[in-house]
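To start, the structure under review is shown below, and the notes come after it.
From a predicted model like this one, the values you see are computed outputs, not experimental measurements. Here is the naming used below: chain letters follow the sequence lines, and residue numbers restart at 1 for every chain.
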2 protein chains.
Amino acid sequence: MTAAANQSGRRPPTSRRLERAGIRDVAAAAGVSITTVSDALNGKGRLPDETRSRVREVAERLGYRPSAAARTLRTGRSGLIGLTVTTYGEEPFTFTEFAYFAEMARAATSAALGRGYALVVLPASSRHDVWSNVALDGTVVIDPADQDPLVSELYRSGVPVVSDGKPGNCPVTAWVDNDHEAAVLGILDHLSEAGARRIGLLTGTSTDTYTRLSTDAYLGWCERVGQEPVYEAYPAHDPAAGAVAADRLLARPDRPDAVYGLFDPNGTDLLAAARRYGLRVPDDLLLVCCSESDVYAGTEPPITTLSLKPRRIGTTVVNLLIDAIEGVDSGTGLTADAPTAGARLFPPRYRTAGTGPPPGTLMPTELIVRASSLRRSPRTTVSAPRTPGEV
Amino acid sequence: MTAAANQSGRRPPTSRRLERAGIRDVAAAAGVSITTVSDALNGKGRLPDETRSRVREVAERLGYRPSAAARTLRTGRSGLIGLTVTTYGEEPFTFTEFAYFAEMARAATSAALGRGYALVVLPASSRHDVWSNVALDGTVVIDPADQDPLVSELYRSGVPVVSDGKPGNCPVTAWVDNDHEAAVLGILDHLSEAGARRIGLLTGTSTDTYTRLSTDAYLGWCERVGQEPVYEAYPAHDPAAGAVAADRLLARPDRPDAVYGLFDPNGTDLLAAARRYGLRVPDDLLLVCCSESDVYAGTEPPITTLSLKPRRIGTTVVNLLIDAIEGVDSGTGLTADAPTAGARLFPPRYRTAGTGPPPGTLMPTELIVRASSLRRSPRTTVSAPRTPGEV
DNA sequence: TGGACATGGAGAAACGTATCTGCGACGGAT
DNA sequence: ATCCGTCGCAGATACGTTTCTCCATGTCCA
């Protein structure tokens, strides 16, 4: 018994701690090599079913759980996907702030889990402390900044990056976005048809793609139809500022008779402001806002909303990312550095290899028409986007 | 140049791929050993500042990023914390569904990042596929089931587990919860003082701690004051069922003149039902519901809500967990298996070592009194919980 | 009888880091 | 002069997998 104690393979008998069972313990207990154990558990190699099941049984009995760290080190795959949450402003760390992000994150998480990946929530601020401490197979970036240093570094180090929101000037593997321009134009047309003569906009001061594209679309439309732009901008991350801006908009001498609010709380803010000024909705003021919340179905009156369909976006983003991770190994920067011109309409082409601009996918939005934007009797849901490129 | 090519240390010259720079490359470039590089970058060992800064500079120049997987494998620490999201029901994967979870998750994420950890979102269903593929330093469990197999296995395998919600019958390292019993009793008292003669309850059919404790508190109160219980239960994960249950409650022959709803949407549902039956709030019906949403400040009338202060909970849970991870190494199950009796009131004692029941921390709730529960003129916010154990 | 081929499995080399041990040199104290 | 402590660093090992290579058997057919 003294000499035969060193039976656990090559490991010298250095104070066997009673830690978790490793693959070596399973091999020893099953009387096979670790190769056989690995193959048996992973369904690889050429093994008779009998050996396979025996090894599996022993592993089960020993409560064997493979070390994720070792596997990751060996295979280079962690099964983890980063989800960067933008901080609509500076300090405050806000996802789940707007229903859009919450829904989007939820759908993304669900889609990732469905394909065997887990999501790691990481801040968009480039605090390397956390970022470099986690092995990521890829990253989802929500609304990347124009020259996002984080995205650039990730891309440079070979990590696939798929963004929700068309990237401004940073290289990504792929991106997904709504056709915000078409959506805004659709709303403006809708309001015009409902009788609006002067349409105002409640927008944000930040420079993210959503705000920029939407505002530009509004300004372009104004110029085309010859209406003087009437808009107020405020920092979207500050909930109190929204109410103030809504009030300002309706207090102007050139008060609009219809307003589109870009952010989720704008609907209630505008409604409250309208009440303060004695304006009836929709009689004196037509109202539309972009929101995923269903509280606008129950307001008095119900408010027409634009839904960006965050669930579809989240699912698509994650699927594109995992396709990129599992697909072609994306050689040394071959698919980079081209101007972003390749936008296609939903559905996307998966497994996009080769060169060219980062593939972008446009997802349809949905305008949910309610009483606040109708002078007549309310109709039902209608969906609206134009084909892209039509401007 | 032919013989001197093998200068990169012990590695044989097997087709140097131009992958990311490793610690060996840095060592070679700086003309030191990998030991020195590791020590220099991690601030360990005894090195003159000059060597340290030189190594750091070389590492920077080479764009060196340490491999998280290798580090995790070596140190046994991943810097990752699991966040299990309960699926209030069966299939649907729902966090961010209720504002409580969203706020709680946000605070938890923020707290974790602040201490250098990242959160991994994982499903509470015990799909080992994902769970065993990620190295976790610890796990936050939201509202564990009574005999949660997942929690048991995690605990057994030595992973610290801190739960939001007092655990029923599974061992955890620590837990945090509101004093739901005291909160419900406070609300019932509040409604009684406002003139309620028969208080109804809108509750859930699931067996989670929150639902159970709250319902039991209600039933106990009824028995004590001699009121016949009037309640309806529905599956809380089904938003449509809530409206139906609210309607049922107000349609009963023994219709209550005050209702407390345990779930977020109950307020609007009850309000709508009251309208259908021609009941005025608060004149004919007093209303309170548990919610984190501020839409209830803007309803007509504004509805009194109980806030569970999810942000405080999320922060506390994560801090307790990280304390457990970084503190005493929690020997082989010494701190387990005792009946849960050790509940203290906020603030918790950190770094709890030794034996005894899993330390629990009770966080205060806040009753935000609005017009819906006042027969007289509305007062302002009052906070309410009793001291625990008083029953 | 002997090669070709399939079967079942073992050995060992990575993956990239942290850290334990040890070693030469140097300086001050005995 | 010798001894001892400290400084500055290098070597080697271990963390627990996956996987490439290779070997020992049969087995079948020529």
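The distance from atom CG of A:Leu73 to atom C1' of D:dT19 is 13 Å, rounded to the nearest whole Å. Atoms CZ (B:Arg24) and C1' (D:dG11) sit 14 Å apart, rounded to a whole Å. If you measure from atom CD1 of B:Ile23 to atom C1' of D:dG11, you get 14 Å, rounded to the nearest angstrom. When the P atom of C:dT17 is taken as reference, atom CG of B:Asp25 falls 9 Å away, rounded to whole Å. When the C1' atom of D:dT17 is taken as reference, atom CZ of A:Arg65 falls 16 Å away, rounded to whole Å.
Under 4.0 Å is where a charged nitrogen must lie from a carboxylate oxygen, and between B:Arg54 and B:Glu50 at least one such pair does.
A heavy atom lying under 4.0 Å from DNA chain C marks the following residues of residues 42-56 of chain A, by number: A:Arg46, A:Leu47, A:Pro48, A:Thr51. For DNA chain D, the residues of residues 31-39 of chain A within the heavy-atom distance limit of 4.0 Å (strictly under) are A:Ile34, A:Thr35, A:Ser38, A:Asp39, sorted by number.
Two residues are said to be in side-chain contact when any heavy atoms from C-beta on lie closer than 4.5 Å; B:Leu122 and B:Leu136 meet this criterion. No side-chain heavy atom of A:Thr84 sits less than 4.5 Å from a side-chain heavy atom of A:Val151. Counting only heavy atoms from C-beta outward, the side chains of B:Val318 and B:Tyr117 never approach each other to under 4.5 Å.
Of the N and O atoms on the side chains of A:Thr36 and A:Ser33, at least one donor lies less than 3.5 Å from an acceptor on the other residue.
Taken to the nearest 0.5 Å, the CG atom of A:Leu62 stands 11.0 Å off from the CD atom of A:Glu57.
Smallest separation of non-hydrogen atoms from A:Ala135 and A:Leu80: O-CB, 3.8 Å. Closest heavy-atom contact between A:Arg52 and A:Arg46: NH2-C, 4.4 Å.
Residue B:Arg71 places no side-chain N or O under 4.0 Å from the OP1 or OP2 atom of D:dC15.
The side chain of A:Tyr64 lies closest to D:dT17, out of D:dT17, D:dC15, C:dT17.
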